[in-house]
Amino acid sequence: MKYDFKMIEQKWQKKWETEKLYKVTEDSSKPKYYCLEMFPYPSGKLHMGHVRNYSIGDVVARYKKMAGYNVLHPMGWDAFGLPAENAAILHKLHPSKWTRENISNMRDQLKQLGLSYDWDREITTCEPDYYKWTQWFFLKLYERGLAYRKRSMVNWCPSCATVLANEQVKEGRCDRCSAEIEKKELEQWFFKITNYADRLLQDLKKLPGWPEKVKLMQENWIGRSEGVELSFTAEKTKDEIAVFTTRPDTIYGVSYLVLAPEHPLVEKLSKGTRQEQAVKDFKKKMQKLNEITRTSTETEKEGLFIGAYAINPINKERIPIWTANYVLMDYGSGAVMGVPAHDQRDFEFAKKYGLDIKVVISPKDRSINSQNMTQAYEDNGFLINSDKFNGLDNEKAIKVIGDYMEKAKIGNVKVNYKLRDWLISRQRYWGAPIPIIYCEKCGIVPIPEEDLPVMLPSDIEFNPKGTSPLLYCDEFLKTKCPNCGGPAKRETDTMDTFMCSSWYFYRYTDPKNTKQPFSEDKVNYWMPVDQYIGGVEHAILHLMYSRFFNKVLKDAGLVKTDEPFKNLLTQGMVLKDGLKMSKSVGNVVSPEEIIEKYGADTARVFILFAAPPDKDLEWSDKGVEGAYRFLQRVWRLVEQLDDKRSDNNGKPCEEVDREVRRVTHKTIKKVTEDIEERFNFNTAISAIMEMVNVLYASIDKNISKVVKTEALENLLILLSPFAPHITEELWERIGKTQSIHLMPWPEYDEEVLIEDEIEIVIQVNGKVRSRINVQRNIGKQDMEQMALSDDKVKDFLKDMKIVKTIVIPGKLVNIVAK
RNA sequence: GCGGGCAUGGCGGAACUGGCAGACGCGCUAGACUUAGGAUCUAGUGGAUUCUUCCGUGGAGGUUCAAAUCCUCUUGCCCGCACCA
């Protein structure tokens, strides 16, 4: 019979679904395993990246289940977001309708892939039974002082018509639509993620199961730096100018101060000086430039004396105050001390404007002088021109001077972070409304818990004006204050969708709970996620927000885990012709087509076989055909071997039996280790292919029934996590009544692996010259003897003198000769 | 500029702690079966070659009996951050 994948896949998908084969509940008798793949945004169609992501996860889930774990493997929808709203504007379709239709399509596609999800746990973030709890968490954060409203310069995406968090801006462009980001001063809601900066950084150490790359990216993003914040005093006005520096050891080398153009003191200090007008012009000029070009490393440093002087607190020296493009208002205190001799940026600036260069750190082996320096000296050395600190090693001086400043009350040792608070307001409709009311009398009032969810009204006018459409919906906007009953208005912004995805993995543990976001028992049983799988594009965004959430929830006593995701696998991209698949390049291969033409098992096997999961994968139509051929080969092999299982004409050949048994157990070992230790599915599949090749060669040989059966059953079981349908069908055909996916994972017998004769390599001067077969337990001396008496070796050694021989038992002999 | 990754046949990729480079698959070549096959099966397939060797893991050195693997330098590509004080 032909391998009819279409019939087979449909048959089993239906059966698995009706029998609820993948339903899971808490079970204290088994170890739990939570296998999670990043849930998709329901764009309408599955792409190859999804297929890869979910195939990888499915192998892990199925394997762990067979290995005896109680496996939670859920799926859901990250369903709030801009595309739905844009589609609504474009096609006059309501976002909720658009989203639901997409979900329905994508759910069908996922089901066609034969993934082992417990669909009873499906969650959808745009449904009120979910976003009620998203709002509830907002209130929790508000209660804990972690949600606050602040007026500040924020990132504005003109194309998405909303503000964005820092993490959502890449190289000055919107992460979603690549439009250039503008700066706007607005009052917005923030989460105090900076309160957790240090824990987010420190706890990365608790994540040995995460890729180094991702941890490093988070580390850099958090950007911790230790230093001193000290104040200079403005000469005339006596204003304190706070300056952050990581190099207090160079304090005697300060020859000027630079304030960011937006620094409030710039205007104040220049007032009434001859520079006043010039400063105003400079500021205007800076404002016109966008953030990216102004702060780019390539942009030339540009600055202006503001007409005022400051006093260096350590030596009372009078130094000029400047403003310049290269100082950023939103890092540190928005002001820096200029030390041209020991900072390259300051050096360039000082050279350009003829400012003093004072050497205060001297290298140990030579001396430098400010006259002929061509660049700043940023390396270590000892202090000079630094009063009582002269001669000190500068690395020590950092601490010594820091302590001195604290004692003298001119500065504080301080830690600065690059990380900023998470801006969560969005001026868009399709998101969870922020559960806040503004009362004329009481001010900001959180919505009482019992009034949740704040329902998103469905009858709404879409027209992106840069304000939320909710603002024009009176029945939503106008409300009563829960405190005083007086007239009040609702917050009309919605929450960043990353808020919805920061807690969805808890909800899977208890998806239908109407009283709580999740019950304590269930969340404690399942969390943390044992294996999380998804794209590296979330290395900072989703993964850091979720870690932050977890820590807040832990502090609130809602969960017990320190970290939500114990192990993380970031899968590589799916490429075609070396490029990422994308509509604009026109190199997209649709999963639908592939499933239609070859079936889901083929698609899965190809994708898992073509590259290790963490590497990029080059799509190959020929490769897909290869995977298809392989499955057909398995189909024929099982048919043929099974046919011959009963008729044992002739005595079974012991040697063939042993070989078949050996390959069976060898394959069990290899596949188990490849999945378990390294997620190397490509080599696991190649081992199964090798086994199939050996079995093929033995079809016409006399194998005993037991050995044949053992080989066949194990072959199907080993292949079942990769190709669940064909293996299930063949399993039934060889007479099994219980699903293959409920079988225990096989164990291998070390004894069977042992070969009586092994081949060893004989090298002369490190080059292979001969191979010989020897008994497996041969001693070192015997090996050496046999090597030396080998004809080919003798031939090679004819005119040479043996210097020494190296014997690696069971592997090789290397004869060193001259 | 800083941080990280990668580089192996015609192609995707193997080679775990230094010990047979190129497993497995694709492609290619030949043969078998066949009315025919772009199906299937079998065999071969890194390069050069005086058929015996030689050369081969981006490049140049080094350590070692032995290096794709370890060290130093270097080139190219990819990713993240980017005047972070």
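Convention: sequence-line order gives letters A, B, ...; per-chain numbering from 1.
- With A:Tyr696 as the aromatic partner, A:Arg633 meets the cation-pi criteria of under 6.0 angstrom to the ring centre and within 45 degrees of the ring axis.
- Residue A:Gly626 is the one, among A:Gly626 and A:Ile806, whose nearest nucleotide of RNA chain B lies closer to the 5' end (criterion: closest heavy atom).
- Which of B:G12, B:A85, B:A15 sits closest to the side chain of A:Asn680 comes down to B:A15.
- Looking at A:Arg247 and A:Asp249, a side-chain N of the basic residue comes within less than 4.0 Å of a carboxylate O on the acidic one, giving a salt bridge.
- Annotation for A:Asp616 and A:Ala611: closest pair O-CB, 3.8 Å, computed over non-hydrogen atoms.
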Which atom pairs link the protein and nucleotides 1-5 of chain B when you take only N or O atoms and keep those under 3.5 Å?
none

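- Scanning atom types as modelled, no donor and acceptor separated by under 3.5 angstrom connect the side chain of A:Lys804 and the base of B:C65.
- Checking each of A:Leu259, A:Val336, A:Leu257 against A:Val327 for a side chain to side chain contact (heavy atoms under 4.5 Å, CB included) leaves exactly one that passes, namely A:Val336.
- A:Glu625 and A:Lys597 are not joined by a salt bridge, as no carboxylate oxygen comes within less than 4.0 angstrom of a charged side-chain nitrogen.
- Looking at A:Lys215 and A:Glu212, a side-chain N of the basic residue comes within less than 4.0 Å of a carboxylate O on the acidic one, giving a salt bridge.
- Within 4.0 Å of A:Val327, counting heavy atoms only, lies at least one base atom of the nucleic acid.
- Note on A:Val768: only backbone sugar-phosphate atoms sit closer than 4.0 angstrom, heavy atoms only; bases stay farther off.
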Check: Could you spell out the base pairing of RNA chain B in dot-bracket, with Watson-Crick or G-U pairs whose two distances are under 3.5 Å, [ ] crossing and | to another strand?
Finding: (((((((..(((......[....)))((((((.......))))))(((....)))..(((((..]....))))))))))))....
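- Nucleotides B:A67 and B:U17 are separated by 14 Å at their C1' atoms, to the nearest Å.
- B:C26 and B:C16: their P atoms are spaced 24 Å apart (whole Å).
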Between the protein and nucleotides 48-55 of chain B, which nitrogen or oxygen pairs are less than 3.5 angstrom apart?
unit_1 : atom_1 : unit_2   : atom_2 : d
B:C54  : OP1    : A:Arg769 : NH2    : 3.3
B:C54  : OP2    : A:Arg769 : NH1    : 3.1

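- Checked by atom type, the side-chain pair A:Asp674/A:Thr683 shows a donor-acceptor distance below 3.5 Å.
- For A:Glu690, the side-chain atoms get nearest to B:C24 when compared with the rest of B:C24, B:G12, B:G19.
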Note to self: Run the side chain to side chain contact (heavy atoms under 4.5 Å, CB included) test on A:Lys669 and A:Glu750 for me, step by step, so that the C-alpha distance in whole Å, both residues' side-chain angles and the decisive distance to 0.1 Å come before the verdict.
What the structure shows: CA-CA 9 Å; A:Lys669 181 176 185 198; A:Glu750 199 73 57; 4.1 Å; yes
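- No contact: A:Gly332 has no heavy atom under 4.0 Å from any strand.
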Report each atom pair, protein N/O against N/O of nucleotides 29-33 of chain B, whose distance is under 3.5 angstrom.
none

Next item on the list: Run the numbers on A:Glu219 and A:Arg224 for salt bridge (Lys or Arg N to Asp or Glu O under 4.0 Å), then give the verdict.
Entry: CA-CA 8 Å; A:Glu219 204 179 305; A:Arg224 183 191 149 98; over 6 Å; no
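- Of the candidates B:G80, B:A85, B:G13, the closest approach to any side-chain atom of A:Val336 belongs to B:A85.
- When distances run from any side-chain atom of A:Arg678 to the nucleotides B:G12, B:C16, B:G19, the shortest one goes to B:C16.
- Taking atom C1' on both B:U53 and B:G76, the two are 34 Å apart, rounded to the nearest angstrom.
- Look at the P atom in both B:G58 and B:A15: the space between them is 16 Å, to the nearest Å.
- Classification of A:Glu302 and A:Lys285 as a salt-bridged pair holds, one side-chain N sitting under 4.0 Å from a carboxylate O.
- The closest side-chain donor-acceptor pair between A:Tyr748 and A:Asn714, if any, does not fall under 3.5 angstrom.
- Across B:A7 and B:G62, the matching P atoms stand 24 Å from one another, rounded to whole Å.
- A donor atom on one side chain and an acceptor atom on the other are found under 3.5 Å apart for A:Lys183 and A:Asn155.
- Residue-level contact check: A:Asn325 touches the bases, meaning some heavy atom is under 4.0 Å from a base atom.
- A salt bridge does not link A:Glu690 with A:Lys670: none of the charged nitrogens is closer than 4.0 Å to a carboxylate oxygen.
- A:Asp601 is not listed as a side-chain neighbour of A:Phe5, based on a closest heavy-atom distance of 4.5 Å or more.
- In this structure B:G9 sits in the syn conformation; its chi angle is within 90° of 0.
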Filtered N/O pairs between nucleotides 36-46 of chain B and protein, under 3.5 Å:
unit_1 : atom_1 : unit_2   : atom_2 : d
B:U40  : O3'    : A:Arg636 : NH2    : 3.2
B:C41  : OP1    : A:Arg633 : NH1    : 2.7
B:C41  : OP1    : A:Arg636 : NH2    : 3.3

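- Nucleic acid contact class of A:Ser620 (heavy atoms, under 4.0 Å, all strands): none.
- With ring centers used as reference points, A:Phe498 lies 6.0 Å or more from A:Trp422.
- Within 4.0 Å (heavy atoms only), A:Lys418 reaches at least one base atom of the nucleic acid.
- Atom name C1', nucleotides B:G13 and B:C24: the rounded distance is 9 Å, in whole Å.
- With B:C83, B:A85, B:C24 as the candidates, the nucleotide lying closest to the side chain of A:Tyr331 is B:A85.
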Report, one pair per line, the protein and nucleotides 66-69 of chain B atoms (nitrogen or oxygen only) whose separation is under 3.5 Å.
none

